[in-house]
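Following: one structure in structure tokens, then a few remarks.
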Amino acid sequence: FFSLNISNVNSQEQFSFDVTQIDILENGNLFIGTKRGTIISNNGIIINADQFEYQKKLNILNANGNVKIIDHINNFEIYSDNITYEKNDNFIFTDKNSKAFDLRNNFEISANRFEYNITKNIIIAKNNAVIENKTENYKVWSNQITYFANKNKIFSTGKTTADIFSKYRLISEDVTYLGNLRQLSSGKKTIVKDKFNLYNLEKFSYQIDKEILKGQNLLINTNYNLPTSDKFYFKSAIINLKDQSFLGNDTIIKVKKDI
């Protein structure tokens, strides 16, 4: 192994390479490594990869093959098959088998592709995006999820599914999670299921730690998978999912009687 420090036209050191082999081409503008090595940026980003290519004039690093990124400042670890680090804009783009671990907030994110804004500490996960908090036992799926790590905030784009405590399944769109409130919410039509009941809502908010569901134009279908189910309609309601109690207004009740 040998070390190589690379500076840009302003004589600022951009990257240092700890590699076994490196080819320098195009009058010192193109650096290619084909054997695994470690690249360290001047802002503390550490990248391990099987191959890399650095374009000095553009200040862009491409790396592929078992890529691991360590960001000690933002407390992130990111893994992917391929990455592009646009150093001037402080963005990292990943492609294929992307995973990120927020070591501060205990989130695990996976998707096909990431856009990681290092300066703002925001990850946009695209294509089969999943974010999970194994400590608090909930998981969210969507085609696109934006994670604002500094605010402990999640926003999904489009159809979204969430599993909470392995007890509740939530199906909605454009869902927001606020970590400081431990609250999920959406202004779109939503379905919530548990073992016995089915809840249809026009919009909702859900307090994860208290298991409290609030919504408008709410239809509750009890024992929905049985022929003897009852239906309750509320203009608005607050439901305690732990004990199945609820408080609402403008109530209509339809009871299914055995014949």
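Computed from a predicted structure; not experimentally measured.
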When you check the side-chain N and O atoms of [X] and [Y], is any donor under 3.5 Å from an acceptor?
X	Y	answer
Asn133	Asn106	no
Asn42	Lys87	yes
Thr119	Asn90	yes
Asn48	Tyr79	no
Asn221	Tyr199	no
Ser205	Ser185	no
Tyr54	Gln14	no
Gln51	Asn62	no

Worked check of side chain to side chain contact (heavy atoms under 4.5 Å, CB included) between Gln216 and Leu218: CA-CA 5 Å; Gln216 294 185 1; Leu218 173 64; over 6 Å; no
Please report the shortest heavy-atom distance between [X] and [Y], naming the atom on each side.
X	Y	value
Ile83	Ile92	CB-CG2, 4.3 Å
Phe204	Thr190	CD2-OG1, 3.2 Å
Thr94	Phe114	OG1-N, 2.9 Å
Ile47	Ala63	CG2-CB, 4.4 Å
Lys242	Asp209	NZ-O, 4.3 Å
Asn105	Ala149	ND2-O, 3.3 Å

I'd like to know if the side chain of [X] and the backbone of [Y] have a donor-acceptor N/O pair within less than 3.5 Å.
X	Y	result
Ser80	Lys96	yes
Thr160	Glu173	no
Asn143	Ala129	no
Ser98	Ser110	no
Thr222	Asn197	no
Asn75	Leu103	no

Hey, could you give me the [atom1]/[atom2] distance between [X] and [Y], rounded to the nearest 0.5 Å?
X	Y	atom1	atom2	result
Ile131	Thr146	CD1	OG1	10.0 Å
Ile122	Phe155	CD1	CZ	13.0 Å
Lys99	Lys68	NZ	NZ	14.0 Å
Ile239	Gln244	CD1	CD	8.5 Å
Ser236	Lys203	OG	NZ	10.5 Å
Phe232	Leu219	CZ	CG	10.5 Å

Side-chain heavy atoms under 4.5 angstrom apart, residues restricted to Ile, Leu, Val, Met, Phe, Trp, Tyr: same cluster for [X] and [Y]?
X	Y	result
Leu30	Ile22	no
Phe165	Leu213	yes
Ile24	Ile39	yes

Test side-chain hydrogen bond (donor to acceptor under 3.5 Å, both in side chains) applied to Asp81 and Asn64, Asn66, Asn97, the passing residue: Asn97
Phe101/Phe107 aromatic ring centres below 6.0 Å: no
Just list the side-chain donor-acceptor pairs under 3.5 Å for residues 177-184, sequence neighbours left out, or say none.
from, atom 1, to, atom 2, distance (Å)
Tyr177, OH, Tyr138, OH, 2.8
Arg182, NE, Glu136, OE1, 3.4
Arg182, NH2, Glu136, OE1, 3.2

Check ion pair Arg169-Asp163 (N to O, under 4.0 angstrom):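 A salt bridge links Arg169 with Asp163.
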Side-chain ion pair, Glu211 and Lys167, N-O less than 4.0 Å: yes
Transitive ILVMFWY cluster of Phe196, excluding itself - 4.5 Å side-chain cut-off: none
Heavy-atom neighbours of Asn128 CG exceed 12 at 6.0 Å: no
Over 12 non-hydrogen atoms of neighbours within 6.0 angstrom of NZ in Lys159: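 Counting neighbours around NZ of Lys159, 12 or fewer heavy atoms of other residues, nucleotides or ligands fall under 6.0 Å, so no.
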How about [X] and [Y]: do any of their side-chain heavy atoms sit closer than 4.5 Å?
X	Y	answer
Leu241	Tyr206	yes
Asn217	Leu201	no
Lys56	Phe31	yes
Gln144	Ile124	yes
Val67	Asn82	no
Asn200	Ile220	no
Ile118	Asp71	yes
Ile45	Tyr85	yes

Geometric class of the Phe93/Phe91 ring pair [parallel <30°, tilted 30-60°, perpendicular >60°]: parallel
Working for side chain to side chain contact (heavy atoms under 4.5 Å, CB included), residues Ile69 and Glu77: CA-CA 6 Å; Ile69 302 168; Glu77 287 186 4; over 6 Å; no
Candidate pair Asp50 and Arg36, rule salt bridge (charged side-chain N to carboxylate O under 4.0 Å, His left out), full reasoning: CA-CA 4 Å; Asp50 292 341; Arg36 189 165 183 84; 2.8 Å; yes
Candidate pair Asn74 and Tyr116, rule side-chain hydrogen bond (donor to acceptor under 3.5 Å, both in side chains), full reasoning: CA-CA 11 Å; Asn74 290 331; Tyr116 178 32; 2.9 Å; yes
Steps toward side chain to side chain contact (heavy atoms under 4.5 Å, CB included) verdict (Asn121, Phe76): CA-CA 9 Å; Asn121 202 11; Phe76 261 116; 3.1 Å; yes
Step-by-step side chain to side chain contact (heavy atoms under 4.5 Å, CB included) determination, Ile191 to Ser172: CA-CA 7 Å; Ile191 295 172; Ser172 187; over 6 Å; no
